[in-house]
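First comes the structure, then the notes that go with it.
Each chain gets a letter, A, B and so on, in the order its sequence line appears, and its residues count up from 1.
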Number of protein chains: 2
Amino acid sequence: MENLDIEFTPDSFGERKPSVGIMQSEIIRRICFRKYPPGSQLKEAELAAEFGVSRTPVRDAISRIKHLGLVETCNGVGTVVIELSDEQIRHVYEMRMHLATLFGSMSAKPISEANKACAKQLLDDSKALQQQFSPKRYIELNHQLHNLVTDLIGNTLLQSFWQQSYYQAASTWYRIATLAEADAATGLILELNELNDALQQGGLSEVGFVQRIHIGYGFQRIKEHLLAADADE
Amino acid sequence: MENLDIEFTPDSFGERKPSVGIMQSEIIRRICFRKYPPGSQLKEAELAAEFGVSRTPVRDAISRIKHLGLVETCNGVGTVVIELSDEQIRHVYEMRMHLATLFGSMSAKPISEANKACAKQLLDDSKALQQQFSPKRYIELNHQLHNLVTDLIGNTLLQSFWQQSYYQAASTWYRIATLAEADAATGLILELNELNDALQQGGLSEVGFVQRIHIGYGFQRIKEHLLAADADE
DNA sequence: GACATACTAGCTGTACACACCTAGTGACTA
DNA sequence: TAGTCACTAGGTGTGTACAGCTAGTATGTC
């Protein structure tokens, strides 16, 4: 059952040495996208070899990720991707739903035309996705959607918190979401439709409202899934 | 005018090597308590010598602090404590006021007797402070108050965000607050009185409400101070 | 005298060797 | 046969040397 994890093409970083920042976001991507599912082990030496650097900068990157609450390292054992407990998942979703409601009231900034264009593009892409579903593509589009929304937030701290909570929620959500392919694509299209409306006719508050609703839907699906999993035992 | 920064006794760490976690929180304390005021430089080598370790674990600690948004490092130059712009301060305070309102609604947990006893103790201590004011003591009590409130929060992510936002706000707040000694002590006593009431008769929501109010007062004082500073120029 | 350039001190970034810790395995013993 | 202990493989934690970068200073030239 856990074999649904997405396959990835081996990422080649060529000869150029990536910076610590690049490595950090790449590792986070892999955790969110379930290339490194919860419980899997990150080995500094392996990553160092892959990125073509020594262990030191890799350690640096991992150390930061540790503080985002995505991994945990134990001396002599290794660094493993954290699996959130049911309660922690609830905490994260509670938080995200509340954060979404703050978009409009906290130092809102104007919505640019580029943002609107990006949302339209995403809607088109997700319609294409519905024709031919691919879990990896679904996750990519969802990720782009997240980046778009994050970019709209005016308050820098809220932006940071929104980002952090996404990192924590992503892995779990993508695991559940990609189980039902058709539902996932349909849900994404629905969300993007409403987002486009909010961007065109409303404002940041409306965007937050749309986000809140769909995070709620997502949470609902996760809860159902957890209940079903409990019943299996 | 910037000479009001608190003097610290040279902290001796004896012969025992402190862990990375200890060093991290110690450095954060120094930033919050303005031993390292904004703009000051943190030198890895110096800290390594003081803590009796090599640069490697110190770098580790600083790297984490960097991601809390407290310092910024530039290759070849050094690591300097960040000075928040007026806008960023507004963002932090906006955020904290909103976060406080969420205490009650997000996975609230019961308030222990130990928490209540701690609040009472703090109230007594702050009354003693009013008799004989000391900026350092004021900051310490405020810090303990923060730890107490943080401990009450049930939602782990909210707890983390509350902590982060405190770190960012602390240095600025303590700078302003300790300018007017009498006001500072009186304000603290007032806040602790209300906090005790909230703990005894109310619940977590009431605690959040008290926090929100006093963060608002604090923000007000900061804004006045910033305006006065602008007028000076 | 003013400006451009080369130099230097002092910092962070990286590589690498080694110490330390942990879990698992195998042999030895009651 | 079950339990204990020593050993080992493989991981992270630390120390140290050196490379790379930057700002400030001194020097040389116009």
With a non-hydrogen cut-off below 4.0 angstrom, is A/Leu42 in contact with a base, only sugar-phosphate, or nothing?
sugar-phosphate
Could you tell me the separation between the [atom1] atom of [X] and the [atom2] atom of [N], rounded to a whole number of Å?
X       : N      : atom1 : atom2 : answer
B/Lys43 : C/dC11 : NZ    : P     : 5 Å
B/Met23 : D/dG13 : CE    : C1'   : 11 Å
B/Arg59 : C/dC11 : CZ    : P     : 14 Å
B/Ile22 : D/dG13 : CD1   : C1'   : 16 Å
A/Asn75 : C/dC20 : CG    : C1'   : 7 Å
A/Gln41 : C/dG24 : CD    : C1'   : 14 Å

Starting from the 5' end of DNA chain C, give me the residue, A/Val77 or B/Glu44, whose nearest nucleotide shows up first.
B/Glu44
Give a yes or no on whether a salt bridge exists between [X] and [Y], defined as a side-chain N under 4.0 angstrom from a carboxylate O.
X        : Y        : result
A/Glu224 : A/Arg221 : no
B/Arg30  : B/Glu50  : yes
A/Lys109 : B/Glu87  : no

Hydrogens and angles aside, do A/Asn115 and A/Ser112 bring a side-chain donor and acceptor to less than 3.5 Å of each other?
yes
Tell me yes or no: between the side chains of A/Gln164 and B/Gln164, is some donor less than 3.5 Å from an acceptor?
yes
Just N and O in the side chain of A/Thr73: are any of them under 4.0 Å from OP1 or OP2 of D/dG13?
yes
Protein-nucleotides 4-7 of chain C N/O pairs under 3.5 Å:
none

Could you check whether any side-chain heavy atom of B/Gln168 comes within less than 4.5 Å of a side-chain heavy atom of B/Leu70, counting everything from C-beta outward?
yes
Within-4.5 Å side-chain heavy-atom neighbours: A/Ile222 and A/Leu226:
yes
Enumerate the protein-to-nucleotides 16-18 of chain C contacts in which both atoms are nitrogen or oxygen and the separation is below 3.5 Å.
| from | atom 1 | to | atom 2 | distance (Å) |
| --- | --- | --- | --- | --- |
| C/dC16 | N4 | A/Thr56 | OG1 | 3.2 |

